[in-house]
Amino acid sequence: MKERNRDTDRDNTYDANRTIKDSVFSDLFGTKKYLFQLYQALHPEDTDTTEADLTDIRLKNILVDDLYNDLGFSVGNRLIILTEAQSTWTMNIIIRALLYLAQTYQEYFEQRDVDLYHSKKVEMPIPELYVIFTGDRVKRPEEVSLSNEFFCGREAALEVKVKMLYGDDGDNIIGQYVAFCKVFNEQRKRCGLSREAILETIQICKDRNVLKEYLENRESEVISIMMTLYDEEKIMRTRENRIRREAQKKEKEKGIWMLVSTLRDLNISDDVILQKIQEKFEYSKEEAKKYIKK
């Protein structure tokens, strides 16, 4: 996948060809203006960098079924990888960050035709890995590391450190995004994953000055994005329920065949077997008959 440069803000334009699977996270920070605000929140000490210095290098997500939930961009000699975490805590986010970083470096070298087998040492941008966590912080760490979490703190040939972002500073873009997610979680608990929950979330956030400008400028796109994710989740739930029902049906039929086979081996009459199927599996007489015939 080629590197995507975004030298100008979208200025509220909407690319009809872009995948609707993009999350609000990627839509928000796909706008150069808000991406720059994100960088300023991460590096307030850097007063020289401008919007024009940011290069979007976001990749196709390699772990979440074509969703662009992860964000990558470069600034000078920095390579910043930022992952949107769900509200459920998991240390596996470190693995995601590692794989994302490895893929980013691979494409970085490929795009520059870098020969890694050449004797000359190559130049690499310095990586920074972050995770935005939108759930209840409780006693969450400021940083998590691969060696500590997966290798019991032992020295290993590979180390990855990820800084956790909890949106403690509610005024910056990170804090506002976390606040938006929490408002949506509250509305989702109140009225389910529905259009009502989405509309209420947007209105509450605008009233509280949370991502207000973004939501006012791209409200219809945000609704479309979130409704599509809602529809996809509903489809997934339906599919999972169907698979579960089919598995239960197969297990039930397996039990019936075992019962029929066992009773016939004992020379039990079909009338008695029919009665046993009805009693044990709560089938009607007609439903039970098809197993006797088979």
Side-chain angles (χ1 to χ4, degrees), residues 19-30 34 37-38 41 61 63-71 82-94 96-97 130-142 144 162-245 248:
T19 173
I20 199 62
K21 281 187 173 183
D22 278 1
S23 66
V24 172
F25 173 82
S26 60
D27 186 73
L28 171 66
F29 295 119
Y34 301 120
Q37 290 180 25
L38 171 64
N61 192 306
L63 294 179
V64 193
D65 206 19
D66 292 343
L67 289 176
Y68 286 100
N69 277 351
D70 292 348
L71 181 68
L82 191 133
T83 301
E84 176 195 24
Q86 297 179 347
S87 57
T88 303
W89 181 267
T90 171
M91 283 299 174
N92 293 333
I93 205 73
I94 305 174
R96 284 182 58 195
Y130 300 89
V131 164
I132 292 182
F133 183 69
T134 61
D136 187 4
R137 180 173 181 177
V138 192
K139 294 182 179 180
R140 304 301 187 191
E142 298 291 333
V144 291
V162 181
K163 293 182 180 179
M164 304 301 300
L165 305 174
Y166 300 97
D168 295 332
D169 185 351
D171 293 332
N172 67 31
I173 194 73
I174 298 172
Q176 290 186 53
Y177 175 74
V178 172
F180 171 84
C181 293
K182 290 185 176 180
V183 170
F184 178 61
N185 288 339
E186 291 169 1
Q187 294 307 307
R188 183 174 175 174
K189 289 178 182 177
R190 188 178 69 84
C191 48
L193 184 52
S194 61
R195 186 178 183 85
E196 180 185 357
I198 294 168
L199 295 176
E200 282 295 314
T201 297
I202 292 173
Q203 189 57 54
I204 290 171
C205 287
K206 288 196 294 186
D207 292 342
R208 296 179 184 177
N209 201 29
V210 173
L211 300 180
K212 183 176 181 179
E213 180 187 61
Y214 165 73
L215 293 173
E216 286 181 340
N217 291 335
R218 292 183 62 76
E219 181 168 345
S220 61
E221 288 82 5
V222 171
I223 293 172
S224 178
I225 289 167
M226 297 179 76
M227 282 302 298
T228 299
L229 295 175
Y230 160 61
D231 290 340
E232 289 178 350
E233 184 167 320
K234 190 162 63 174
I235 291 170
M236 285 301 295
R237 284 201 308 269
T238 302
R239 179 173 177 272
E240 288 169 0
N241 289 337
R242 177 177 57 78
I243 292 173
R244 184 166 55 251
R245 287 195 302 270
Q248 290 172 344

Give the intermediate values and the outcome of side-chain contact (heavy atoms from CB on, under 4.5 Å) for residues Cys205 and Val183. CA-CA 7 Å; Cys205 287; Val183 170; 4.0 Å; yes
Evaluation steps, side-chain contact (heavy atoms from CB on, under 4.5 Å), between Leu38 and Leu71: CA-CA 11 Å; Leu38 171 64; Leu71 181 68; 3.6 Å; yes
Treating Gln176 as the side-chain partner and Asp171 as the backbone partner, does any N or O pair qualify as donor plus acceptor under 3.5 Å? yes
Is there a donor-acceptor pair closer than 3.5 Å between any side-chain N or O of Thr201 and the backbone N or O of Ala197? yes
My understanding is that only residues two or more places apart in sequence, or in another chain, count here; which of them pass salt bridge (Lys or Arg N to Asp or Glu O under 4.0 Å) with Glu196? Arg190
Sequence-distant partners of Glu216, salt bridge (Lys or Arg N to Asp or Glu O under 4.0 Å), two or more places apart: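 If we apply the salt bridge (Lys or Arg N to Asp or Glu O under 4.0 Å) test to Glu216, skipping adjacent residues, there are no hits.
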Side chains of [X] and [Y]: closer than 4.5 Å at any heavy-atom pair?
X      : Y      : result
Val178 : Phe133 : no
Leu82  : Leu165 : yes
Leu28  : Phe180 : no

Listed partners of [X] passing side-chain hydrogen bond (donor to acceptor under 3.5 Å, both in side chains), at least two apart:
X      : answer
Glu219 : Lys206
Lys163 : none
Tyr130 : Glu128
Asp168 : Arg137

Can you name the residues that form a ring-ring contact (aromatic ring centres under 6.0 Å, His included) with Tyr177, not counting sequence neighbours?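 Tyr177 satisfies ring-ring contact (aromatic ring centres under 6.0 Å, His included) with Phe25 once adjacent residues are dropped.
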Closest approach of Val144 and Met91, non-hydrogen atoms and distance? CG1-CE, 3.5 Å
Intermediate values then yes/no, side-chain hydrogen bond (donor to acceptor under 3.5 Å, both in side chains), Glu213 and Tyr34: CA-CA 10 Å; Glu213 180 187 61; Tyr34 301 120; 2.8 Å; yes
Using side-chain contact (heavy atoms from CB on, under 4.5 Å) as the criterion, list what pairs up with [X], not counting sequence neighbours.
X      : result
Ala41  : Asn172, Ile174
Leu199 : Arg195, Ile223
Asn92  : Thr90, Phe150

Begin from the C-alpha positions of Leu215 and Val222 and carry the test side-chain contact (heavy atoms from CB on, under 4.5 Å) through to its verdict. CA-CA 7 Å; Leu215 293 173; Val222 171; 4.1 Å; yes
Classify the angle between the aromatic ring planes of Trp89 and Tyr166 as parallel (below 30°), tilted (30 to 60°) or perpendicular (above 60°). parallel
